[in-house]
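As a basis for the values below, the full set of heavy atoms in this structure was taken, side chains included, without hydrogen atoms, waters or symmetry mates. Positions are given from 1, in the same order as the sequence printed here.
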Amino acid sequence: VSPHAEAMRTYRLPGQGSLDDITLHTEDMPTPGPTQLLVKTGAASINRRDLLITTGRYPLPARADVIPLSDGAGEVVGVGDAVRHFSVGDRITASYWPRWISGLLRAEVIDQLGCTSDGWLAEYVLLDEAAPTAFVANAHAATAKTTAAPAMNANRPARECFSGGTSGPAYTEDSGG
């Protein structure tokens, strides 16, 4: 794995409060573990769920100093030695339930991006290989980020997924720029 930088910027939520409490940090670039992907964030969005988490009104309490935001998309820039379904250069998004692949929600898969595990408000994000879903090559990252929640129904490595966001179907051509 050869990260593009030695340090990165992240934003952290020290505890429940408001968006004003989110603080900027400079941290060491993470290194992917055997089954992890290092993803350069291309787009992230804040939604109602994130606001509930920030203000302490979400049913699951946030971990102290968590990196917020549950919806995002980006490009894989590093992979662990055991990763088999993704490669450097793949463009991905992930469900905010990264360990809930199928079946009923159970305690052992309850971790959520931006709540109990670090989310997308960072230059780089570590995700386990089971969490991401590839998105179509000509979709813009800002559009693909809206697929994170619907993608949990199709959340399988190397499977393409594209669906409408909460305000209806959206599709953006990538201009290559």
Side-chain angles (χ1 to χ4, degrees), residues 1-33 35-80 83 86 88-99 110-135 139-149 151-152 165-167 170 172 174-175 177:
V1 174
S2 175
H4 293 111
E6 293 182 21
M8 67 172 190
R9 290 176 297 174
T10 66
Y11 290 85
R12 293 202 175 263
L13 179 63
Q16 70 183 40
S18 75
L19 293 176
D20 294 334
D21 297 327
I22 295 173
T23 55
L24 175 63
H25 297 264
T26 300
E27 300 180 13
D28 290 339
M29 176 68 65
T31 301
T35 63
Q36 290 181 315
L37 309 174
L38 179 62
V39 179
K40 181 172 177 38
T41 302
S45 68
I46 190 166
N47 60 44
R48 184 172 191 273
R49 178 182 173 276
D50 297 312
L51 294 174
L52 292 172
I53 291 168
T54 303
T55 58
R57 295 179 301 167
Y58 191 67
L60 188 62
R63 187 189 82 217
D65 288 323
V66 72
I67 296 173
L69 301 190
S70 55
D71 290 333
E75 181 177 332
V76 176
V77 295
V79 297
V83 170
F86 291 96
V88 170
D90 286 346
R91 295 166 38 160
I92 61 95
T93 186
S95 165
Y96 56 74
W97 303 85
R99 295 179 27 198
I110 200 134
D111 285 336
Q112 298 174 34
L113 294 177
C115 184
T116 58
S117 61
D118 287 337
W120 288 94
L121 197 53
E123 289 182 292
Y124 294 86
V125 177
L126 277 180
L127 296 171
D128 191 79
E129 180 182 27
T133 301
F135 63 87
H140 190 276
T143 299
K145 70 174 175 50
T146 66
T147 67
M152 75 179 175
T166 58
S167 61
T172 303
D174 186 22
S175 64

Task: Derivation of the side chain to side chain contact (heavy atoms under 4.5 Å, CB included) call for Trp97 and Asp111 - done: CA-CA 6 Å; Trp97 303 85; Asp111 285 336; over 6 Å; no
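- For Leu51, the side-chain contact (heavy atoms from CB on, under 4.5 Å) partners at least two apart in sequence or on another chain are Leu19, Ile46.
- In this structure, CE on Met8 lies 9.5 Å from OH on Tyr124, to the nearest 0.5 angstrom.
- Distance check, rounded to the nearest 0.5 Å: CG of Asp28 to OG1 of Thr26 gives 10.0 Å.
- With sequence neighbours excluded, the residues that form a salt bridge (charged side-chain N to carboxylate O under 4.0 Å, His left out) with Glu27 are Arg12.
- Side-chain atoms of Asn47 come within 3.5 Å of backbone atoms of Asp50 as a donor-acceptor pair (strictly under, hydrogens ignored).
- To the nearest 0.5 Å, atom OG1 of residue Thr31 and atom CG of residue Leu38 are 8.0 Å apart.
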TODO: Verify side chain to side chain contact (heavy atoms under 4.5 Å, CB included) between Leu113 and Leu127, making sure each step is shown before the conclusion.
DONE: CA-CA 10 Å; Leu113 294 177; Leu127 296 171; 4.0 Å; yes
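- Side-chain contact between Thr133 and Ile92 is absent, with no heavy-atom pair separated by less than 4.5 Å.
- Between Pro30 and Leu126, the shortest heavy-atom distance links the atoms CB-CD1, 3.6 Å.
- For the atom pair CG of Asp128 and OG1 of Thr35, the computed distance is 4.0 Å after rounding to the nearest 0.5 Å.
- Listed by chain and number, the residues in a side chain to side chain donor-acceptor pair (under 3.5 Å) with Glu123 are Arg9 (sequence neighbours excluded).
- With sequence neighbours excluded, no residue forms a side chain to side chain donor-acceptor pair (under 3.5 Å) with Ser18.
- Considering only heavy atoms from C-beta on, Leu37 stays 4.5 Å or farther from Pro32 through its side chain.
- Side-chain atoms of Thr93 come within 3.5 Å of backbone N or O of Gly72 as a donor-acceptor pair.
- With values rounded to the nearest 0.5 angstrom, Leu13 atom CG is found 9.5 Å from Cys115 atom SG.
- Atom-to-atom distance recorded for His25:NE2 and Tyr11:OH is 10.5 Å, nearest 0.5 angstrom.
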Residues 56-64 side chain polar contacts: donor-acceptor under 3.5 Å, at least two apart:
residue, atom, partner, partner atom, Å
Arg57, NE, Thr55, OG1, 3.0
Tyr58, OH, Arg49, NE, 3.2
Tyr58, OH, Gln112, OE1, 2.7
Arg63, NH1, Thr116, O, 3.4
Arg63, NH2, Asp118, OD1, 2.5

TODO: Could you go through the side chain to side chain contact (heavy atoms under 4.5 Å, CB included) check for Trp120 and Val39 one step at a time?
DONE: CA-CA 10 Å; Trp120 288 94; Val39 179; 4.1 Å; yes
